[in-house]
K.L.:
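Could you have a look at this structure, given as structure tokens, before my questions?
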Amino acid sequence: MQRALAEINAAQSARGLPRFEMGIGINTGEAVVGNIGSEQRAKYGVVGSAVNVAARVEGASVGGQVLVSDATWACIRDVAEAAPPPIRVAVKGLSEPLVLHRLEALTGRWPGSLPPAEAGDGPGDGVAVDPDRRVLAHRGQDGE
């Protein structure tokens with residue numbers, strides 16, 4: 001998605017239009033997924049602690065970043081590269097800070113890397129994340 005966005009932004013820049021920015025957050029864990037509710041009122045949804053943590057991880061990202069939680073990093077570390085050091089972010093609803101890894105590339109079966117950031121690319125360009133940063137809320141559809 002970040003590579004596709006880099007192509008879109010090149011076209012945007014050529015037309016003199018503003019750039020788009022997107023941060024991605026990924027977490028790994030158990031969740032309930034599917035139609036939730038009754039026959040009278042059903043909604044396709046995803047719920048669970050892992051979903052809430054994923055929203056916090058995404059909320060900590062800035063344009064151009066792909067952040068993965070420690071749980072995800074444990075699953076992919078053999079086929080992934082991350083920028084050192086891990087980032088610790090205190091978030092609402094968790095007693096311990098989240099440990100996040102800034103994904104840079106994947107190897108193995110589906111290799112690829114993020115497009116290089118150009119000077120002035122956006123908010124993710126050269127941003128140092130404050131280790132005491134607090135994510136107070138996330139952006140959910142239902143305001144949850």
Side-chain angles (χ1 to χ4, degrees), residues 1-13 15 17-118 121-144:
M1 289 185 341
Q2 295 291 17
R3 285 195 308 253
L5 192 58
E7 292 174 19
I8 291 168
N9 280 333
Q12 288 287 96
S13 294
R15 291 187 211 123
L17 297 172
R19 302 174 53 78
F20 294 104
E21 295 292 334
M22 171 180 57
I24 298 172
I26 303 171
N27 183 45
T28 300
E30 293 186 11
V32 175
V33 180
N35 292 317
I36 301 170
S38 65
E39 289 183 19
Q40 291 79 26
R41 180 174 165 96
K43 172 184 169 184
Y44 187 84
V46 182
V47 296
S49 178
V51 177
N52 295 336
V53 170
R56 302 299 194 264
V57 174
E58 185 275 331
S61 69
V62 295
Q65 283 184 328
V66 177
L67 297 179
V68 298
S69 68
D70 224 16
T72 300
W73 182 248
C75 296
I76 67 169
R77 76 176 76 209
D78 292 339
V79 294
E81 296 173 16
I87 304 164
R88 297 177 63 82
V89 180
V91 297
K92 177 183 173 185
L94 296 177
S95 58
E96 296 293 319
L98 281 175
V99 176
L100 305 177
H101 303 268
R102 195 175 65 205
L103 191 63
E104 291 189 334
L106 293 175
T107 61
R109 190 171 178 185
W110 294 285
S113 60
L114 290 175
E118 296 176 17
D121 249 359
D125 183 30
V127 170
V129 176
D130 180 353
D132 295 325
R133 177 179 175 187
R134 296 189 182 275
V135 178
L136 301 177
H138 73 281
R139 302 174 297 267
Q141 285 182 320
D142 299 331
E144 297 176 3

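Here the structure is a predicted model, which is why all the values come from computation and not from measurement.
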K.L.:
I need the single residue from Val57, Leu100, Leu94 that forms a side-chain contact (heavy atoms from CB on, under 4.5 Å) with Val89. Which is it?
P.N.:
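Per the side-chain contact (heavy atoms from CB on, under 4.5 Å) rule, the option paired with Val89 is Leu100, out of Val57, Leu100, Leu94.
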
K.L.:
Once side-chain contact (heavy atoms from CB on, under 4.5 Å) is applied, do any residues pair with Arg77, and if so which ones, sequence neighbours excluded?
P.N.:
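With neighbours one apart ignored, the set is Trp73, Ala74.
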
K.L.:
Please give me the minimum heavy-atom distance between Leu103 and Ala80, naming the atom from each residue.
P.N.:
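Closest pair (atom of Leu103, atom of Ala80, distance): CD1-CB, 3.7 Å.
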
K.L.:
Looking only at heavy atoms, which two atoms of Met22 and Gln2 are closest? And how far apart?
P.N.:
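Heavy atoms of Met22 and Gln2 come nearest at O-NE2, 2.8 Å.
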
K.L.:
Give me each pair satisfying salt bridge (Lys or Arg N to Asp or Glu O under 4.0 Å) with a member in residues 60-73, each pair once, sequence neighbours excluded.
P.N.:
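Every candidate salt bridge (Lys or Arg N to Asp or Glu O under 4.0 Å) pair involving residues 60-73 fails, so no pair, neighbours aside, qualifies.
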
K.L.:
For residues Phe20 and Ile8, report the shortest heavy-atom separation together with the two atoms involved.
P.N.:
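It is CD1-CG2, 4.0 Å.
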
K.L.:
For residues 27-37, dump all side-chain donor-acceptor pairs below 3.5 Å to protein atoms at least two apart in sequence or in another chain.
P.N.:
residue, atom, partner, partner atom, Å
Asn27, OD1, Ser69, OG, 2.6
Asn27, ND2, Ala50, O, 3.0
Thr28, OG1, Thr72, OG1, 2.6

K.L.:
According to side-chain contact (heavy atoms from CB on, under 4.5 Å), who are the partners of Pro86, at least two apart in sequence or on a separate chain?
P.N.:
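Listed in chain order: Val99, His101.
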
K.L.:
Is it the case that the side chain of Ser13 and the backbone of Ala10 share a donor-acceptor pair, with hydrogens and angles ignored and the cut-off at 3.5 Å?
P.N.:
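It does not hold such a pair.
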
K.L.:
Identify the heavy atoms of Ala6 and Pro115 that sit nearest to each other, and give their distance.
P.N.:
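In this case the closest contact between Ala6 and Pro115 is CB-CG, 3.9 Å.
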
K.L.:
Is Arg56 reaching over with its side chain to a backbone N or O of Lys92, donor-acceptor style, under 3.5 angstrom?
P.N.:
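Yes; judged by distance alone, with no hydrogens or angles, the pair exists.
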
K.L.:
By side chain to side chain donor-acceptor pair (under 3.5 Å), which residues pair with Ser95, not counting sequence neighbours?
P.N.:
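Not a single residue meets the side chain to side chain donor-acceptor pair (under 3.5 Å) criterion with Ser95.
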
K.L.:
Rounded to the nearest 0.5 Å, how far apart are CG of Leu98 and CZ of Arg88?
P.N.:
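Nearest 0.5 Å value for the CG-CZ distance: 9.5 Å.
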
K.L.:
Which pairs, with at least one residue in residues 106-115 and sequence neighbours excluded, count as a side-chain hydrogen bond (donor to acceptor under 3.5 Å, both in side chains)?
P.N.:
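As it turns out, there is no side-chain hydrogen bond (donor to acceptor under 3.5 Å, both in side chains) pair with a partner in residues 106-115 once direct neighbours are skipped.
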
K.L.:
Taking salt bridge (Lys or Arg N to Asp or Glu O under 4.0 Å) as the test, write out the residues that go with Glu104, two or more places apart.
P.N.:
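Scan of Glu104 (salt bridge (Lys or Arg N to Asp or Glu O under 4.0 Å), adjacent residues dropped) gives Arg102.
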
K.L.:
By the ring pair (Phe, Tyr, Trp, His ring centres under 6.0 Å) test, which pairs, at least two apart or in different chains, include something from residues 24-44?
P.N.:
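Residue pairs with at least one partner in residues 24-44: there are none.
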
K.L.:
For a quick test of reading the model, state the closest non-hydrogen atom pair linking Glu21 to Leu5 and the distance between them.
P.N.:
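Looks like C-CD2, 4.1 Å.
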
K.L.:
Just to verify, what does Glu96 make a side chain to side chain donor-acceptor pair (under 3.5 Å) with, not counting sequence neighbours?
P.N.:
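Glu96 satisfies side chain to side chain donor-acceptor pair (under 3.5 Å) with no residue once adjacent residues are dropped.
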
